[in-house]
Amino acid sequence: MVRHLPSHIKQLLAIRNPDAYSGPSFPRLSCLFKNTYANACLKGARKGWLVLTTCTLLTTNVPSSVGHLYRFVARSGQDVQSSVQKAALMREAALKSTIFVGVPRVIGALAGLTDALEDDVKTRLRTDSRRTANPENIETIIARGTALWNSIYEPHAAKLYSKLGSYHPDLISFIIQSYGSVLSPLPGADEQGNLSRALGSVAAVACLRAEGRVGPQLTSHVLGLLKARTAEGLSEEDRWLASDEGTEWVIRTVDTILDVVIAERGDPQEA
């Protein structure tokens, strides 16, 4: 059994900066959070702000910043249940990000979040899986994923389905099942941290905007956010986020966060 990396391989791995970025200090981030959150409050978009900020920070690969975000939103004086709700929302937003930026960054972000959680918050967060596929629920998952796919991509859903399926026969099946099990809202309005159809699209837009150079996918999910205005059971916040004004606000707020985090990360993106 191999228990340790050979020294020469360990040295090789260290050459290309394997560690995540350290990012801005907590005071610098707090200033950024305070300004963008105040603007979100004026728009009635508190949940949208928390989702997009979580996903933007996660995508920039600064795990500690996700913990700082939790500390900001769970400031002293709030009751435990309020902190639990915010932590659960951040966890769900991070989980949905796996579809857009992959598992490694999500693991780092969730580790940064978990390190920041108080013990009494940790003990109140859900610990059982709601997304384990089995023969009894797989058809429901696929149906839910197909419905979300159509909601985002119509009138081009069938054409895009065939196109992606032609790239690899299992790619589109993987996407549909991921949409059904992860990106779609969990069935049941009382699920802890559940993200609405509109908030799921906010997560997608934030990840893809922060990722950069994925224009076609970003455009598709911006359209998906705009189309969320026709979803059932919209809250007032959902309705505004899916409006032209709300969608523009999502993109611009992601950019505002990126301008600070990327600059202090020492890795400026091209305009």
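The first residue of the sequence shown is numbered 1, and numbering continues consecutively from there.
Side chain of Thr56 to main chain of Val254: no donor-acceptor pair is present (N/O by atom type, distance under 3.5 Å, no hydrogens or angles). Judged by distance alone, with hydrogens and angles left aside, the side-chain atoms of Arg229 form a donor-acceptor pair with the main-chain N or O of Leu226 at under 3.5 Å. Ser64 contributes a side-chain N or O that, together with a main-chain N or O of Ser22, makes up a donor-acceptor pair within less than 3.5 Å.
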Would you check, one step at a time, whether the test ring pair (Phe, Tyr, Trp, His ring centres under 6.0 Å) holds for Phe174 with His168?
-> CA-CA 10 Å; Phe174 169 76; His168 190 293; over 10 Å; no

Report the C-alpha distance between Thr132 and Ser129 in whole Å, list the side-chain angles of each, state the deciding distance to 0.1 Å, and finish with yes or no for side chain to side chain donor-acceptor pair (under 3.5 Å).
-> CA-CA 6 Å; Thr132 302; Ser129 175; 3.1 Å; yes

Determine, stepwise, if the pair Glu211 / Gln217 fulfils side chain to side chain contact (heavy atoms under 4.5 Å, CB included).
-> CA-CA 11 Å; Glu211 178 70 11; Gln217 290 76 29; over 6 Å; no

From CA spacing to verdict: side chain to side chain donor-acceptor pair (under 3.5 Å), Ser30, Lys34 | CA-CA 6 Å; Ser30 293; Lys34 182 178 179 180; over 6 Å; no

Would you please test Thr256 and Leu32 for side chain to side chain contact (heavy atoms under 4.5 Å, CB included) and show each step?
-> CA-CA 8 Å; Thr256 298; Leu32 172 67; 4.1 Å; yes

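Apart from Leu13 itself, the hydrophobic cluster it occupies contains Leu5, Ile9, where clustering links Ile, Leu, Val, Met, Phe, Trp and Tyr at side-chain heavy-atom distances under 4.5 Å.
Using a 4.5 Å cut-off on side-chain heavy atoms (C-beta onward), Thr53 and Met90 make no contact. By the 4.5 Å heavy-atom criterion applied to side chains, Leu89 and Thr54 are not counted as neighbours. Between Ile257 and Leu52 the shortest side-chain heavy-atom distance falls below 4.5 Å.
Residues passing the ring pair (Phe, Tyr, Trp, His ring centres under 6.0 Å) test with Tyr37 are Trp49, sequence neighbours excluded. For Ile176, the side chain to side chain contact (heavy atoms under 4.5 Å, CB included) partners are Ile142, Thr146, Trp149, Tyr161, Ile172, not counting sequence neighbours. When the salt bridge (Lys or Arg N to Asp or Glu O under 4.0 Å) test is applied to Arg197, no partner is found at least two apart in sequence or on another chain. In this structure, Arg91 has no side chain to side chain donor-acceptor pair (under 3.5 Å) partners at least two apart in sequence or on a different chain. Residues passing the side chain to side chain donor-acceptor pair (under 3.5 Å) test with Ser196 are Asp238, sequence neighbours excluded. Considering only residues two or more places apart in sequence or on other chains, His68 meets the ring pair (Phe, Tyr, Trp, His ring centres under 6.0 Å) condition with Phe26. Residues satisfying the side chain to side chain donor-acceptor pair (under 3.5 Å) criterion with Ser162, sequence neighbours excluded, are absent altogether.
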Let me have the donor-acceptor pairs involving side chains of residues 108-122, under 3.5 Å, with sequence neighbours excluded, atom names and distances please.
residue, atom, partner, partner atom, Å
Thr114, OG1, Leu110, O, 2.7
Glu118, OE1, Tyr70, OH, 2.5

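Pairs engaging residues 3-29 under the salt bridge (Lys or Arg N to Asp or Glu O under 4.0 Å) rule: Arg28-Glu264 [sequence neighbours left out]. Screening residues 43-67 for salt bridge (Lys or Arg N to Asp or Glu O under 4.0 Å), with sequence neighbours left out, gives Lys43-Glu245. Counting only residues at least two apart or in different chains, ring pair (Phe, Tyr, Trp, His ring centres under 6.0 Å) contacts with residues 109-137 are absent.
The heavy-atom pair separating Arg144 from Pro187 by the smallest distance is NH1-CG, 3.4 Å. Here the shortest heavy-atom pairing between Arg124 and Val84 reads CB-CG2, 3.7 Å. In plain terms, the two heavy atoms of Leu29 and Ser65 that are nearest each other are CD1-CB, 3.7 Å. Annotation for Leu186 and Arg131: closest pair CG-NH2, 3.6 Å, computed over non-hydrogen atoms.
The hydrophobic cluster containing Val62 does not contain Ile107, counting ILVMFWY residues as joined when their side-chain heavy atoms lie under 4.5 angstrom apart, directly or transitively.
Partner Tyr21 forms a side-chain contact (heavy atoms from CB on, under 4.5 Å) with one of Thr60, Val261, Asn61 and no other, that one being Asn61.
Counted within 6.0 Å of CZ on Arg126, heavy atoms from surrounding residues, nucleotides or ligands total more than 12; the atom is thus considered enclosed.
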